[in-house]
Amino acid sequence: MTSFRPAPAWLADAVFYQIYPQSFADSNGDGIGDFDGIAERLDHLAWLGVNTVWLNPCFVSPFGDAGYDVADYLNVAPRYGSSDDLAKLVDQAGRRGIRVLLDLVAGHTSDEHPWFRASANDPDDHRYIWAPEGRAEGRPGGVPEGFVASPGSRPGAYLPNFFDFQPALNFGYAHESPAEPWRQPVDAEGPRANREALRTIMNHWLSLGLAGFRVDMASSLVKDDPDKAETSRIWTELRHWLDRTHPDAVLLSEWGDPEVSVPAGFHADFFLHFGGPADGLALRSLWSNGTGTVHDDWDPLDCFFDPSGKGSPRPFVEAWQRASSVLGGGFISLPTANHDFSRLNCGPRTAEQLPAAFAFQLTWPTLPAIYYGDEIGMRYIPDLPDTEGSVLGPRYNRAGSRTPMQWDDSPNAGFSTSSHPYLPVDPAPDRPTVAAQRADDTSLLHLVRRLIALRTTTPELGQGGGVEVLHAGYPFVYVRGGRYLVVVNPQREQASYRLDGILPGQALEASDVRTDGDTVTAQGFGYGIFDVSG
């Protein structure tokens, strides 16, 4: 592994909380969440115990893809407020011990970005990937496969990175070809300019007090790079620069393959619903129950956190073990959900099944990432209209995971006073709210708060504590730091496991788990954390 400066000490104890800003809290009644709304709700995050927040993109954008189509990296979108409002949010969060990360879209821009508008009219501009006309016989207009016809006076076509309106920034190709002259090497003028631009963007925001970035589509930079070696070199270069200039800042990657991304220079990578040789199997084998956000190319599977009891934690455990062996001083983060993937409370999975999921997520040696609203069990809402590019396929509608935060029982669940909120609020009359669960000590919200506090005050339950898996089935049984026994039973039926020489002592947090001599029995959806040191 390339030698990097050790990760900032604070990262090992991070409990992430992801905020989709347009859906979190609306302070001015326009129906869209904003920085001031987030600032007004910081006490909720501090009470909950999270210490690191990352915001989905909040830069100037036409919002064809919910802000992932950036038109200006150095200014925030007016709908969220001003740069001063963001600075105030960062300051107020810092006063509560909460760091704030931004979302960096590194691989593409909006087609409305001034860079692209200039490039579409200047054949000598190489900030994007352009193919000349006449290079694709038999294709309309001579446009190569995957390219989009030029919207300007420049002839030819450009390569998009995701949607057609997201032109790929040119970081070069790992392999050149005389038949495709647009394949520039990674050290060409355009790729060098884009690497410098990333440093400029990161330096701008880090100098204003942000704590780092989660990097969107981090593996997408260099094209025709199957082993990601050239893309990795770019991130290694940027990590060394970051170590020198902003040593307390961090980079988290949307890569989904920690075995590659962390050695390349990221401080942490997420297990995601895609990425790596198994295409996100580690995460999907835990949470994906075939509803909500489902890609048609995914192989059907029985996830572990399902009442049927047909799943297994082994795909996750084995992926975690492989990745952990090469991380060095880096980390893996395990999310409950995100803006692209179904919430825990989705389809047939009900609220009673969520406590066991959090008992696992907050006691496993990964950095936990809680998606806003999951701490109260917000539902994935099906069949919503396509909103800012939310629909990716017949069974893949991301809007269901992006609905407004449910604060109380006032109109729009306390999210906004507007009659037209960003997305419809969960229409269920029994929808969970922060206010109702704050008033109920037996609620999921209070459990999540206690589990975060337990993790924070118990080093053995955090990132640094060892883990020994005793039973990778139902119940899932493991020991943290040689001292704490964790038992999780996500299925409907009760399950037992005979412990060998371990006597569970004090229950630090438990529900529907009992011990009888050397046997531990968990009722359906039961969980328990026990001190076995005595």
Side-chain angles (χ1 to χ4, degrees), residues 271 281-287 289 301-325 332 334 336 344 349 352-368 447-448 450-452 454-455 458-534:
F271 274 145
L281 179 64
L283 183 78
R284 290 186 289 110
S285 71
L286 293 176
W287 312 135
N289 60 10
L301 60 82
D302 294 304
C303 67
F304 181 55
F305 282 86
D306 188 81
S308 68
K310 296 178 181 178
S312 171
R314 288 188 181 278
F316 169 81
V317 172
E318 291 170 358
W320 175 84
Q321 289 172 333
R322 287 192 304 270
S324 297
S325 68
I332 302 168
L334 177 62
T336 58
L344 288 179
R349 187 179 295 125
E352 65 179 337
Q353 300 170 47
L354 305 185
F358 274 103
F360 158 71
Q361 192 229 12
L362 288 165
T363 60
W364 191 261
T366 45
L367 300 180
L447 172 65
V448 173
R450 292 195 304 270
L451 288 169
I452 291 174
L454 182 60
R455 179 187 180 94
T458 311
E460 293 90 343
L461 290 175
Q463 167 65 38
V467 61
E468 178 187 3
V469 176
L470 302 182
H471 186 232
Y474 296 95
F476 189 20
V477 183
Y478 51 95
V479 176
R480 296 297 320 276
R483 179 173 178 178
Y484 298 99
L485 177 74
V486 181
V487 180
V488 178
N489 183 28
Q491 70 175 354
R492 182 180 294 106
E493 302 301 322
Q494 79 168 31
S496 299
Y497 178 72
R498 184 173 180 179
L499 302 168
D500 184 9
I502 298 177
L503 295 177
Q506 178 187 5
L508 305 180
E509 193 69 56
S511 175
D512 292 329
V513 175
R514 70 175 189 274
T515 59
D516 182 9
D518 61 356
T519 299
V520 61
T521 299
Q523 298 300 313
F525 315 134
Y527 60 89
I529 306 166
F530 303 89
D531 188 338
V532 297
S533 62

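Note that these values count all heavy atoms, side chains included, but never hydrogens, waters or copies made by symmetry.
Between Leu461 and Arg455, the closest heavy-atom pair is O-NH1, 3.4 Å. Shortest non-hydrogen contact noted between Leu301 and Ser285 is CD1-CA, 4.1 Å. Closest of all the heavy-atom pairs between Arg498 and Asp518 is NE-OD2, 3.0 Å. Here the closest non-hydrogen pair linking Phe530 and Ala510 is CZ-CB, 4.3 Å. In plain terms, the two heavy atoms of Ala319 and Ala282 that are nearest each other are CB-CB, 3.6 Å. What you find for Pro475 and Asn489 is that their closest heavy atoms are CB-CB, 4.2 Å.
Residues in residues 465-479 take part in these side chain to side chain donor-acceptor pair (under 3.5 Å) pairs, two or more places apart or across chains: Thr363-Tyr478.
Proximity of Gln523 to Arg514: side-chain heavy atoms (C-beta onward) are separated by under 4.5 Å at one or more points. Side-chain contact between Val317 and Trp364: present, with at least one pair of heavy atoms (C-beta onward) separated by less than 4.5 Å. Looking at heavy atoms from C-beta onward, Val486 lies out of side-chain contact with Phe476 at the 4.5 angstrom threshold. Counting heavy atoms from C-beta outward, Val477 and Leu499 have side chains that approach closer than 4.5 Å. Using a 4.5 Å cut-off on side-chain heavy atoms (C-beta onward), Leu286 and Leu334 make contact. For the pair Asp531/Tyr484, a side-chain contact is recorded, criterion being any heavy-atom separation below 4.5 Å from C-beta on.
Taken to the nearest 0.5 Å, the OH atom of Tyr527 stands 7.0 Å off from the CG atom of Leu451. With rounding to the nearest 0.5 angstrom, the CG atom of Leu354 is 10.0 Å from the OG1 atom of Thr336. Between atom CD of residue Glu493 and atom CZ of residue Phe525 there is a gap of 9.0 Å, rounded to the nearest 0.5 Å. Separating the OG atom in Ser324 from the CD1 atom in Ile332 is a distance of 4.0 Å, to the nearest 0.5 Å. How far CZ of Phe305 is from CD of Gln491: 11.5 Å, rounded to the nearest 0.5 Å. A distance of 10.0 Å separates CZ of Phe271 from CG of Leu281, quoted to the nearest 0.5 Å.
Comment: Arg349 does not engage Asp306 in a salt bridge, judged by the lack of any side-chain N to carboxylate O separation of less than 4.0 angstrom.
The main-chain N or O of Leu470 is found under 3.5 Å from a side-chain atom of Tyr497 such that the two form a donor-acceptor pair. Between the side chain of Arg480 and the backbone N or O of Gly462, at least one donor-acceptor pair lies under 3.5 Å.
In this structure Thr519 satisfies the side chain to side chain donor-acceptor pair (under 3.5 Å) test with no other residue, sequence neighbours excluded.
Ring centroids of Phe316 and Phe360 are separated by less than 6.0 Å, placing the two rings close together.
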